[in-house]
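Heavy atoms only: backbone and side chains are in, while hydrogens, waters and symmetry mates are out. Convention: sequence-line order gives letters A, B, ...; per-chain numbering from 1.
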Amino acid sequence: MNRINQKLQEKTNEKLLSIYFTAGYPNLNDTTSIIQDLEKSGVGMIEIGLPFSDPLADGPTIQASSTQALKNGMTTEVLFNQLKDIRKTVNIPLVIMGYFNPILQYGVEAFCKKCQEIGIDGLIIPDLPVDVYNDQYKTIFEKYDIINVFLITPQTSEERIRFIDSISKGFIYMVSSASVTGSSSDFGDVQTEYFKRIANMKLKNPQVIGFGISDHTSFMQATTDARGAIIGSAFIKHLNSEGTGKIHRFIGDILEA
Amino acid sequence: MNRINQKLQEKTNEKLLSIYFTAGYPNLNDTTSIIQDLEKSGVGMIEIGLPFSDPLADGPTIQASSTQALKNGMTTEVLFNQLKDIRKTVNIPLVIMGYFNPILQYGVEAFCKKCQEIGIDGLIIPDLPVDVYNDQYKTIFEKYDIINVFLITPQTSEERIRFIDSISKGFIYMVSSASVTGSSSDFGDVQTEYFKRIANMKLKNPQVIGFGISDHTSFMQATTDARGAIIGSAFIKHLNSEGTGKIHRFIGDILEA
Amino acid sequence: GYYGEFGGAYIPEMLYPNVEELRQNYLKVMAEPEFQEEFNALLKDYVGRPSPLYFAKRMSEKYNTKIYLKREDLNHTGAHKINNTIGQILMAKRLGKNRIIAETGAGQHGVATATVCALMGLECIVYMGEIDIARQAPNVARMKMLGATVVPALSGSRTLKDATNEAIRDWINNPVDTHYIIGSVVGPHPYPDMVARFQAIVSEEIQWQLKEKEGTTKPNYVVACVGGGSNAAGAFYHFLDDTEVKLIAVEAAGKGVHSGESAATSILGKEGIIHGSKTLLMQTPDGQITEPYSISAGLDYPGVGPMHAHLYKSGRAEFIAITDDDAMTAGLQLCKMEGIIPAIESSHALAVFEHKKFQPEDIVVVSLSGRGDKDLETYINHFKL
Amino acid sequence: GYYGEFGGAYIPEMLYPNVEELRQNYLKVMAEPEFQEEFNALLKDYVGRPSPLYFAKRMSEKYNTKIYLKREDLNHTGAHKINNTIGQILMAKRLGKNRIIAETGAGQHGVATATVCALMGLECIVYMGEIDIARQAPNVARMKMLGATVVPALSGSRTLKDATNEAIRDWINNPVDTHYIIGSVVGPHPYPDMVARFQAIVSEEIQWQLKEKEGTTKPNYVVACVGGGSNAAGAFYHFLDDTEVKLIAVEAAGKGVHSGESAATSILGKEGIIHGSKTLLMQTPDGQITEPYSISAGLDYPGVGPMHAHLYKSGRAEFIAITDDDAMTAGLQLCKMEGIIPAIESSHALAVFEHKKFQPEDIVVVSLSGRGDKDLETYINHFKL
């Protein structure tokens, strides 16, 4: 069973905290130590960002980290090399989050195969639409047991949510509000209502909420109805100001007030 | 008999030197002393320039002197005041050269009347065309015995020259070449031919050549076939560099090599 | 050659052969079918005529009347000026001239002249005041791109009036091979008449375009700005004899008609002679031509064409003077309400709606004589955008 | 949504409702008679269409072939871009959107968008790279005059690509009330198709205009520059299925195709995803999008529309790459021979005549996509005029 499914199906009241970080940032070779520190700090899942020159679903914080990572020399090849022994030390689910073009250039099948070899459990590809995946790439992903994670937003229709639920295998990435990453972190009535609405749909896949979560409060709000939440920009900002030495404290602050 | 006719009909081999200067230049009140000095130096006729803001038939030298004269305060009224006693000291023909608009504003009849009172013998109005003069102003000029002087150029047709000759009463102002005042002073074959051609027409009016005469040589060339010649820009340039003190020498240099 | 008491050809004898040659030939040449054909083909395929007659919906709603804009701004080179230069270059070719001179103020006529000279492969010299060269750099660049020689006029106020003087001097000095393309309905006869005839295409189009849109060839009003007056001459031309069509000429009041910084010639001017024509002009009591002022370089001229002097004197046209500020405001309003950046000249005409009340059923055609790209800096500075 | 293997809608889920709403409605809306009527009326009366098909006599003589220029430079705002923004603003209104966003490089599309927003009274936000804002000041000024908000794109190379990213981000953040007016035949389906249909008026006119002039609706060649490819899409559109009409797409070779400073996407690009579309794009072996270079801001784009990728791959169109120097020379030549200052983009297309020999009887239609007023400084500096 894929580690993502294992993790999300654990019988626990504990909410899942997933952290996104950009591979190769702040320094090219920080990737594995950040992953290890995150696991040790109590993070339940990690999204490893494969940096892209034109990350159009991301806000300025993640874009800046991507730009820096690329400058540092990060490439798909380098990332796979850095991760090749990651499963010797890390057990939680690992997801690569990246835009479609670098994956396409690497070759979608080669990419999935490599992920399987390394022990990557899933992919989040914001600009690979559900239908294209379904028509062209589903069999490849399944062949290598790579879970592709789809997003839904407050604007996604019920019909489409049900469709996405039907083809999803790990979890549904619920974008908290219509926005790029790194936007305002206060969840108001609109979001809460949306969270409830989705929860009431009783989807087969658990939901993990992302975008706009930056601290303990917003983490707790997001996970009231959802299985977990993802923090990205806030973690990158932490790395910007504190470097890689205080990851434990950042995670601790999120998990416990 | 008008002084212009008297002068030009004198039986003499001596060629007539006529000098143009801008009234009110270099200083507002230089007008009468320049006229007196010119007569004393041997000049046969004088054109007193009534300065105009937009002297479009003149080159840069005369235009600059006009601009300065206007700055100095020269107006039609001021000029007439300066000239009111000129006939007490000066005997040679005096012609006012000015553009039509200031004369029109003064009133053409008032202007002619004033000229007669003062003892001005003629007018040269470059932008008052022959036909307009003939139709509208001839009787006024004749009433006050003011001779209006017309220009011909190398481009003027024989027919038109004959017409101009027929309505002219003093002399014909032969523009040496198609140009504004102050242009190049070398007369080549083209000009010489033109001078001859006009001479051979045996017009009833004597011809006085203007434009492009600046020294003894060009004065002699111009007057080979013509009754006289007019110097303007070269005299203004002399005033520019030498002031009003050496007029005698300038005229002497022109008349005798 | 006269409009009432105005017009004529008050030119030095040196210009007589040139002007006379033109006078004797212009009507004949213009009437030639081949000339007409070539002129109309270039207006269509090169200039882009007909220029649209655009119903300005939002403006019409705001002022509760029917506002149509005659879009001369869409012509090649960006203003009505090209209608005349196309006509004159064809005239010059038929008269065997191979050297073209022109004067320009803001540079629009200079660009239009340089353009047709390039089109015909003729030498082009444009006189432009030294001050205008400095403040109208983009148009100077355009003329250079088009292969024209731009000669600075260094005399007088170093603006349009002086550039015109210099062009006339050039013509005096080059009487045989050179044609002088005057840019407005000014200068000695036959220029005002010839230029008006070349610009008459504007009102000719208004007639049939309005017929298509409103079922009538007659607007209630035609409104145009007047500097020298060529765009107004074109917009008025075919309505001159039809007093049912009211004509409004808008002059530049600058900082106020009586501020001492104005170009409202009809109000401030007196009868006189400028650039070869008897007309109204701004002058001292002594007959010296005075310097006009307007924020619009194209209206910054101390005279007005003799046709307009006559329209004023006879009362055929209503003359309105619009200040810099009111013109600029009207220009910016057109940008924001209709998405059209007008030349500041045209903005003066547009200001008529704040100045005068029209009836809901009135059809008011405004000559949008040019586009405002050349005026961006002036607008931006004026409004501190 | 595909041209051969190219096209599609590779968009984040956040954009799905927007793009899907458009996809479901655009063909239906465009087919509505009232839409057609309003679109065509604005093209005629506001944009000034038809744009002339001008026989360039002197150029034709020089190159001994029949050269026609499709004069999109005469459109309101000075380029073909307005055809599309008129169409899209009418679409946006019908979809109930009241907020418009756009990206712009050189500023032509930004101006065209700001223009139609002013015309319709809609809010307008234009994203423009910080570097482009600095080097295209006149167009920034025009947008401000028209009431648009110009937002600097501060990320990446701070040029067109990044402005597009920012516009997409804005759309993601404002999914309900906002329509994104993309300026070229790029982006996710249905944009490439919709924009091509709005620009198709260009080739529609070429057909009947050529019929009038040459008795045939078919040129031998249609030549157009390609950045994203909207002007080429319009000029090619009605000829795509008629292989008797040869299509030539001209790309910007910059300082040389293989100089490392180029925008010749078809030659240098590989299949990939950019701005929501599968197409050819310039990228590293690793799939990072690389920075293109061209002296022309409008061709300075690392991708190309999927239609053009397909035209290239299928061999339907011939692709030629023209260097900065050759384009500039061709542009200046048009100024001096025909009196038309072309946009540097269009100058690339004009350079085809030094690159390829045509037969005397060939009819070659070149898309003159825009006027060069925006490029004066570049021309002047390049030639040290």
Inset, instruction - Would you check if the side chain of A:Asn101 reaches a backbone N or O of D:Ile273 as a donor-acceptor pair within less than 3.5 Å? - result: yes
Legend entry - Donor-acceptor contact below 3.5 Å, side chain A:Thr153 vs main chain D:Met14: no
With only heavy atoms counted, which part of [X] is less than 4.5 Å from chain D, the side chain, the backbone, both or neither?
| X | result |
| --- | --- |
| A:Ile164 | side chain |
| A:Thr67 | neither |
| A:Phe52 | both |
| A:Pro55 | both |
| A:Leu104 | side chain |
| A:Leu70 | side chain |

Using heavy-atom distances under 4.5 Å, tell me whether [X] contacts chain A through its side chain, its backbone, both, or neither.
| X | answer |
| --- | --- |
| D:Leu15 | neither |
| D:Glu271 | backbone |
| D:Pro188 | neither |

Legend entry - Distance-minimising heavy-atom pair for D:Ala9 and A:Pro129: O-CG, 2.9 Å
Inset, instruction - Please report the closest heavy-atom contact between A:Pro102 and D:Gln288, naming both atoms and the distance. - result: CG-NE2, 4.3 Å
Considering only heavy atoms from C-beta outward, does the side chain of [X] approach that of [Y] to under 4.5 Å?
| X | Y | answer |
| --- | --- | --- |
| D:Tyr16 | A:Thr156 | no |
| A:Thr75 | D:Thr284 | no |
| D:Pro12 | A:Leu56 | yes |

To the nearest 0.5 Å, tell me how far [X] [atom1] sits from [Y] [atom2].
| X | Y | atom1 | atom2 | value |
| --- | --- | --- | --- | --- |
| D:Ile172 | A:Gln155 | CD1 | CD | 11.5 Å |
| A:Gln63 | D:Arg169 | CD | CZ | 4.0 Å |
| D:Asn165 | A:Ser53 | CG | OG | 8.0 Å |

Legend entry - Heavy atoms from other residues, nucleotides or ligands near NZ of A:Lys204 exceed 12 (cutoff 6.0 Å): yes
Inset, instruction - Please indicate whether A:Asp135 has more than 12 foreign heavy atoms, meaning atoms of other residues, nucleotides or ligands, lying under 6.0 Å from its CG. - result: yes
Legend entry - Heavy-atom pairs under 4.5 Å with chain D, option from A:Leu151, A:Thr76, A:Asp54, A:Leu128 with the top count: A:Asp54
Inset, instruction - With salt bridge (charged side-chain N to carboxylate O under 4.0 Å, His left out) as the test, would you mind laying out the steps for A:Arg160 and D:Glu13 before giving the verdict? - result: CA-CA 11 Å; A:Arg160 186 166 171 85; D:Glu13 185 62 27; 2.6 Å; yes
